[in-house]
Chemist: 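One structure is given below, represented as structure tokens, and several questions about it will come after.
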Amino acid sequence: MLPMLLQGQLLYEISGNKARSKSYLLATNRLTDIQFLDTIPNLFKVYGQCNKVVTEMSFSDLDALKALADAALLPDSAQLKDYYNREEYEQITSALRLCLNSSPEKLGRMKPSYLTELYRDELLRKWADYDENRSMQNFFAIVATEQGKPVIALDGIGEAIYMTFDREPMDWQVKELKKITEYPEREVRLEKEIARLYKNGQLTEISYQVSMPDNQSTLSYSDYQIYCRRNLTWVKRLAPYLTEGNAFITLDAVYLGGEKGLINTLRAAGYKVKPVNKIRN
């Protein structure tokens, strides 16, 4: 039997399982402008009822940022060129230099996974109008900080580093960096499709786009499987905040839909998760 489709919904109410009051879950998308938040009825009303914000990760302190920068580097004895033949290395560094405007020496010290993320972000800036300053993704964490509300990260710095740089083995990272520099249009096409589905509230369809066999981008089935396993951990970490209630949880839409997405994982753990409303067309 197919899971309940999560169509037309971006904002969810969480209750039950001994929760003392309701909490809320908002799906976000990084290509979607902050202004889109105004189209989600009751969003700011329910945010105002909450006394804490829960998000994926936080790099708000200097120690965390330094740890992140250190984790982006290959071991001292390694260079990026060690993982490719000469032709592959020249093709990759040429593409990276054109897009990232960085020296070969600096690029050659970075992990393939980090370069893939940097390259993808730059592709989205150039081809999909991605702008971190207008993106809705971190909006509520920033607002909560300004208002003095606590912002709680579901992943610690070690886990955030793992998810950013090490969730795939090195041989897979090497292949993905080569793939994204050879076929950049695949990345942009998928991200644009996810943004389109997001604006229609089609969370389950987003999960299908990422996990389906013919998705040849670097955000693919293996990543989705990792996200699904992490959802089980997240539900346990969310438990005390959901029991207390009045939590506003804001997470990327990629993690939420589908049979093993966070919404169905919460339901399987005994929570009642229902849409607050449908988005306006």
Chemist: Rounded to the nearest 0.5 Å, how far does CG of Leu73 lie from CE of Met110?
Modeler: 7.0 Å
Chemist: For the hydrophobic clusters of this structure (ILVMFWY residues joined by side-chain heavy atoms under 4.5 Å, transitively), does one cluster hold both Tyr208 and Tyr221?
Modeler: no
Chemist: Could you tell me which non-hydrogen atom of Leu96 sits nearest to which non-hydrogen atom of Thr181, and how far apart they are?
Modeler: CD2-CG2, 4.3 Å
Chemist: Any salt bridge (charged side-chain N to carboxylate O under 4.0 Å, His left out) pairs touching residues 45-57, not counting sequence neighbours?
Modeler: Lys52-Glu244, Glu56-Arg230
Chemist: Angle between ring planes, Tyr255 versus Trp234, binned at 30° and 60°: parallel, tilted or perpendicular?
Modeler: perpendicular
Chemist: Going by an N to O cut-off under 4.0 Å, is there a salt bridge joining Lys111 and Asp166?
Modeler: yes
Chemist: Are there more than 12 heavy atoms of other residues, nucleotides or ligands under 6.0 Å from atom CD of Glu185?
Modeler: yes
Chemist: Side chains of Asn215 and Gln209: is there a donor and an acceptor less than 3.5 Å apart?
Modeler: no
Chemist: With a sphere of 6.0 Å drawn around CG of Asp76, does it hold more than 12 non-hydrogen atoms of other residues, nucleotides or ligands?
Modeler: no
Chemist: Nearest 0.5 Å, please: how far is CD in Glu259 from OG1 in Thr265?
Modeler: 9.5 Å
Chemist: As a quick check of understanding, evaluate salt bridge (Lys or Arg N to Asp or Glu O under 4.0 Å) for Arg109 and Glu105, giving each step before the final call.
Modeler: CA-CA 7 Å; Arg109 290 287 301 119; Glu105 292 76 18; over 6 Å; no
Chemist: Measuring from Lys236:NZ to Leu154:CG, what's the distance to the nearest 0.5 Å?
Modeler: 14.0 Å
Chemist: Any salt bridge linking Lys272 with Glu13? Criterion: basic side-chain nitrogen under 4.0 Å from a carboxylate oxygen.
Modeler: no
Chemist: Work out which heavy atom in Tyr119 is nearest to a heavy atom in Ile180; give both atom names and the distance.
Modeler: CE2-O, 3.4 Å
Chemist: Could you walk me through whether Leu242 and Asn17 pass the side-chain contact (heavy atoms from CB on, under 4.5 Å) test, one step at a time?
Modeler: CA-CA 9 Å; Leu242 295 177; Asn17 208 10; over 6 Å; no
Chemist: Verify side-chain contact (heavy atoms from CB on, under 4.5 Å) between Arg196 and Asn200, making sure each step is shown before the conclusion.
Modeler: CA-CA 7 Å; Arg196 184 189 72 81; Asn200 290 325; 3.6 Å; yes
Chemist: Counting N and O atoms only, with roles assigned by atom type, does the side chain of Arg267 sit under 3.5 Å from a partner on the main chain of Val273, one being a donor and the other an acceptor?
Modeler: yes
Chemist: Backbone N or O of Gln91 within a donor-acceptor pair of the Ser94 side chain at under 3.5 Å?
Modeler: no
Chemist: Flag this pair as yes if the NZ/CZ of Lys149 is under 6.0 angstrom from the six-membered ring centre of Phe248 and inside a 45 degree cone about the axis; otherwise no.
Modeler: no
Chemist: Considering residues, nucleotides and ligands other than Tyr114, do more than 12 of their heavy atoms fall under 6.0 Å from its OH?
Modeler: no
Chemist: Any idea which heavy atoms bring Tyr271 and Ala239 closest together, and the distance?
Modeler: OH-CA, 3.6 Å
Chemist: Looking at Leu190 and Ser217, what are the two nearest heavy atoms and their distance?
Modeler: CD2-OG, 3.1 Å
Chemist: To the nearest 0.5 angstrom, please state how far the OH atom of Tyr241 sits from the CD1 atom of Ile152.
Modeler: 4.5 Å
Chemist: So does Glu193 pair up with Arg189, basic N to acidic O under 4.0 Å?
Modeler: no
Chemist: Looking at every non-hydrogen atom in both residues, tell me the closest pair between Thr164 and Ala160 and how far apart they are.
Modeler: OG1-O, 2.8 Å
Chemist: Take the angle between the ring planes of Phe36 and Tyr198 and call it parallel below 30°, perpendicular above 60°, tilted in between.
Modeler: tilted
Chemist: Are more than 12 heavy atoms, taken from residues, nucleotides or ligands other than Gln147, located less than 6.0 Å from that residue's CD atom?
Modeler: yes
Chemist: Between Lys192 (side chain) and Trp127 (backbone), is there a donor-acceptor pair under 3.5 Å?
Modeler: yes
Chemist: Got a second to check how far Leu256's CG is from Ile249's CD1, nearest 0.5 Å?
Modeler: 9.5 Å
Chemist: Look up atom CZ in Arg125 and atom CG in Leu31, then write down how far apart they are to the nearest 0.5 Å.
Modeler: 11.0 Å
Chemist: For Thr218 and Glu176, does a side-chain donor sit closer than 3.5 Å to a side-chain acceptor?
Modeler: no
Chemist: Any chance you could lay out the side-chain contact (heavy atoms from CB on, under 4.5 Å) test for Met170 and Leu74, step after step, and finish with the verdict?
Modeler: CA-CA 10 Å; Met170 182 58 73; Leu74 288 164; 4.0 Å; yes
Chemist: Show, in sequence, the C-alpha distance, side-chain angles and deciding distance for Asn29 and Ile206, and conclude whether the side-chain contact (heavy atoms from CB on, under 4.5 Å) test is met.
Modeler: CA-CA 11 Å; Asn29 172 257; Ile206 288 173; over 6 Å; no
Chemist: Identify the heavy atoms of Gln173 and Tyr84 that sit nearest to each other, and give their distance.
Modeler: O-OH, 4.5 Å
Chemist: Are Leu232 and Leu262 linked, directly or through intermediate hydrophobic residues, by side-chain heavy-atom contacts shorter than 4.5 Å (ILVMFWY only)?
Modeler: no
